There are 4 protein chains.
Amino acid sequence: MDGFQRRREQKKLNILEAALALFMEYGVQKISIGEIAKKANVSQVTIYNYFESKHNLIHEVFVYYTDKALDEFEQILVSNMAFPEKIKHLMFTKNETAKQIHEDFYQYLMKEYTSGINYMEKIYTEKALPRFIDLFNQGKEQGYVDPNLSNEAILFYIKAMNEYIQREEVYQSILPLTEDIMKILFYGIVGEKEK
Amino acid sequence: MDGFQRRREQKKLNILEAALALFMEYGVQKISIGEIAKKANVSQVTIYNYFESKHNLIHEVFVYYTDKALDEFEQILVSNMAFPEKIKHLMFTKNETAKQIHEDFYQYLMKEYTSGINYMEKIYTEKALPRFIDLFNQGKEQGYVDPNLSNEAILFYIKAMNEYIQREEVYQSILPLTEDIMKILFYGIVGEKEK
Amino acid sequence: MDGFQRRREQKKLNILEAALALFMEYGVQKISIGEIAKKANVSQVTIYNYFESKHNLIHEVFVYYTDKALDEFEQILVSNMAFPEKIKHLMFTKNETAKQIHEDFYQYLMKEYTSGINYMEKIYTEKALPRFIDLFNQGKEQGYVDPNLSNEAILFYIKAMNEYIQREEVYQSILPLTEDIMKILFYGIVGEKEK
Amino acid sequence: MDGFQRRREQKKLNILEAALALFMEYGVQKISIGEIAKKANVSQVTIYNYFESKHNLIHEVFVYYTDKALDEFEQILVSNMAFPEKIKHLMFTKNETAKQIHEDFYQYLMKEYTSGINYMEKIYTEKALPRFIDLFNQGKEQGYVDPNLSNEAILFYIKAMNEYIQREEVYQSILPLTEDIMKILFYGIVGEKEK
DNA sequence: AATGAATGAGGGTTCATTCAT
DNA sequence: GATGAATGAACCCTCATTCAT
């Protein structure tokens, strides 16, 4: 990539970052191209030169965001924490990237076009899911997890928890309960039978 | 209430229902007053006569929806199912009312004005929460639940699950896992220690 | 007029008064039929029953107002003040009726239809003008007025002054200058030649 | 100012002129942005790009008009007419700019926001008033004006006359009376004592 | 390649007026 | 006769998008 290309790429990044920040704060529909242009210090037309339409811009922002989120996810998995610790992080980490975006983004992509969703599912199936499976299998080998449980069910739990936690007001109130929640996950609401 | 009042009330209901349906399907911001008017078979101005502004309409739709959701919730609690069955329903029932509304509605109300949220929290704290507590306490007395667990943590689980399930694509894929998920909830991922 | 007619007439008066008050305070165009209806404690349709259209209502309000103003004017003329005193009053009296109405009313009537103006001119020519002429002729006979001056010119002065004074901010600042202004009117800016 | 800027400025002027003409003829409230756009041969949005809101447009039109009126006023003062001639012009000149604007504009600015009025008063106090005072003082020195008269009173007369004359129907009927009116102003209604 | 200028389409809202009871 | 309910038309304003430089 020559200097020219690089500058172009940098400008594109600026726009993506500006759009992402605004989308996350105010939602996709409330943000106008003009606002993104102002925040990114370019003209509206420049955005059209790079992204062709608002629709398209949203799509690219989404891809950009998904990739970033995947990175954070992998950071946790490759770390050398013990199994329960990793689970805890997966459940309770409030992705820096994720924040509030889910709700509106998801909604928009669901309703407006499916290509964004497809991309996310592709990434998820190809990249994230196998890593989860590996993790759970390790957990079973190490005796942390009942071998009869389906990985999907466990995964479901973790995702539900994590998504719920992304909501600011939920996150605040959940911190004091962390230990109890982990206990439920490991031992269920019935509790440990023998101590 | 005389015939006049009743017809008026009925028309208001029509509009609320039309708006609710459209909001749930397409989101609050994408739906114009004109579209609601067309669906409810009234003129736009009629909507303004009843609700004064779109803002206000959204608020009233929200209250209407919240009340309906509360009803469904209470249906489950007063039924004569056994404790585990009730929990299952609370977690897995895809509220007819709830559907997808959460995401966009929540977003809108969070961002635009807080009175809607306040109403929901009031209803929740005054009506729903005490019922939950009662239920969990019964569960503890009946030996279903470890008495050392905080009710909040259990509640958190149930709400996270239920909210996650509201999403259509999640709901589809989760049904086969129901049993495993209930098992995790009761016995944790470690599984039952003694069989 | 029987009791029925009388009640009807009273209701009409109520509406006229309400409309007049609102028109004077906010101008003709800013006031909606709904606002007048609310202020007069009747339904909008009642106003239509009595006045047929907003246009017409404005016309009748104008006539009502003109007649009232004429009364005030005649009060001054029939009083037993001396000539200079009467002139002073005609110039400086801030008609209770007149207030700010002139500007917007006049504008509206000028542009929208001429019948209002016609009515005012008719009243003016038939009723007010002859009284003015009488007054000036008395003034000439009594030596207050140069017999060579045309009555029209004097009248012009008085009307210009009076109209200007109706404006609130003008009225406030003019009071201290009353004496000087009267002096100019009587003796001109050259001043009295012999004292 | 480069060609860009100049064209922009020219277009702004076009819009201002169009708006001013329409406002003067039909009043501020009756004129829609659409009508101004059509008259100025631009799209509605262009007007918004330049002026941001109707409110703002009105304000700028007002400033534009005030400045123009000030120019005309100064033309008279710097001319080499004799004192009585200047006074005559000040009283009887139907400002090309002024026309009917006063009534509606004034009303609007009075009621809606005061910044317009403030601007006019600032211009008036800083620019116009001192020139008037100079003129009157000259008149006193040259024996045209009684030195005991307050300048304010004279000014009041002139303004009242001039404003009254701006009304079309008044202007028509006043022309034949010009000489008499000037005589009243200089010598009062009592008339010249010695000839 | 980048931008300032311009716009058609559409959204929320108000108002004078009519309909139906 | 009086009213609550309903409406078509119009207005101000915003936005995604294109034009012209």
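Each chain gets a letter, A, B and so on, in the order the sequences are listed, and its residues count up from 1. This structure is a prediction, so every number in the text was calculated from the model and none was measured.
Rounded to an integer number of Å, the gap from CD1 of B/I58 to C1' of E/dT13 is 14 Å. When rounded to the nearest whole Å, the span between CG of C/N14 and P of F/dG1 equals 19 Å. Rounded to whole Å, atom C1' of F/dA5 lies 14 Å from atom CZ of B/F51. Atom CD of D/E9 is separated from atom P of E/dA5 by 11 Å (rounded to the nearest Å). Between C/K11 atom NZ and F/dG1 atom P there is a gap of 12 Å when expressed in whole angstrom units. Residue D/N49 contributes atom CG, which lies 12 Å from atom P of E/dG4 at whole-angstrom precision.
Nearest-nucleotide assignment on DNA chain F puts the 5′-proximal partner with C/Y50, out of C/Y50 and B/Y50.
Side-chain contact between D/F62 and D/L20: absent, with no pair of heavy atoms (C-beta onward) separated by less than 4.5 Å. The shortest side-chain heavy-atom distance between C/Q10 and C/L13 falls under the 4.5 Å cut-off. B/I33 is listed as a side-chain neighbour of B/Y48, based on a closest heavy-atom distance under 4.5 Å. At a threshold of 4.5 Å between non-hydrogen side-chain atoms, the residues B/I47 and B/I36 count as touching.
Between the side chain of C/E35 and the backbone N or O of C/S32 there is at least one donor-acceptor pair closer than 3.5 Å. Remark: the backbone N or O of B/V42 is not paired with any side-chain donor or acceptor of B/T46 at under 3.5 angstrom.
A salt bridge links B/E60 and B/K12; the closest N-O separation between the charged side-chain nitrogens and carboxylate oxygens is under 4.0 Å.
Among the duplex regions that DNA chain F forms, those built from at least three successive Watson-Crick or G-U pairs under 3.5 Å are E:2-21 with F:2-21, ordered by first number.
Comparing F/dT3, E/dT7, E/dA2 by their nearest atom to the side chain of D/T46 picks out E/dT7.
Note that the OH atom of D/Y64 and the NE2 atom of D/H59 stand 15.5 Å from one another [nearest 0.5 Å]. Here A/N56 contributes atom CG and A/F51 contributes atom CZ; the two are 8.5 Å apart, rounded to the nearest 0.5 Å.
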Salt bridge (Lys or Arg N to Asp or Glu O under 4.0 Å), that's the test. Do D/E17 and D/K39 meet it? Break it down for me. CA-CA 10 Å; D/E17 292 275 12; D/K39 174 140 190 168; over 6 Å; no
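A side chain to side chain contact (heavy atoms under 4.5 Å, CB included) with C/V61 is found for one member of C/T66, C/I15, C/L16 and no other, namely C/L16.
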Every protein N/O within reach of nucleotides 15-17 of chain F N/O, cut-off under 3.5 Å:
from   : atom 1 : to    : atom 2 : distance (Å)
F/dA16 : OP1    : A/K54 : NZ     : 2.8
F/dA16 : OP2    : A/I33 : N      : 2.9
F/dT17 : OP2    : A/Y48 : OH     : 2.9
F/dT17 : OP2    : A/K54 : N      : 2.9
F/dT17 : O5'    : A/Y48 : OH     : 3.4
F/dT17 : O4     : A/Q44 : OE1    : 3.3

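Proximity of residues 36-43 of chain D to DNA chain F (heavy atom under 4.0 angstrom from any strand atom) is not detected for any residue.
Nucleic acid contact for B/K12: none, since no nucleic acid atom lies under 4.0 Å from a heavy atom of the residue.
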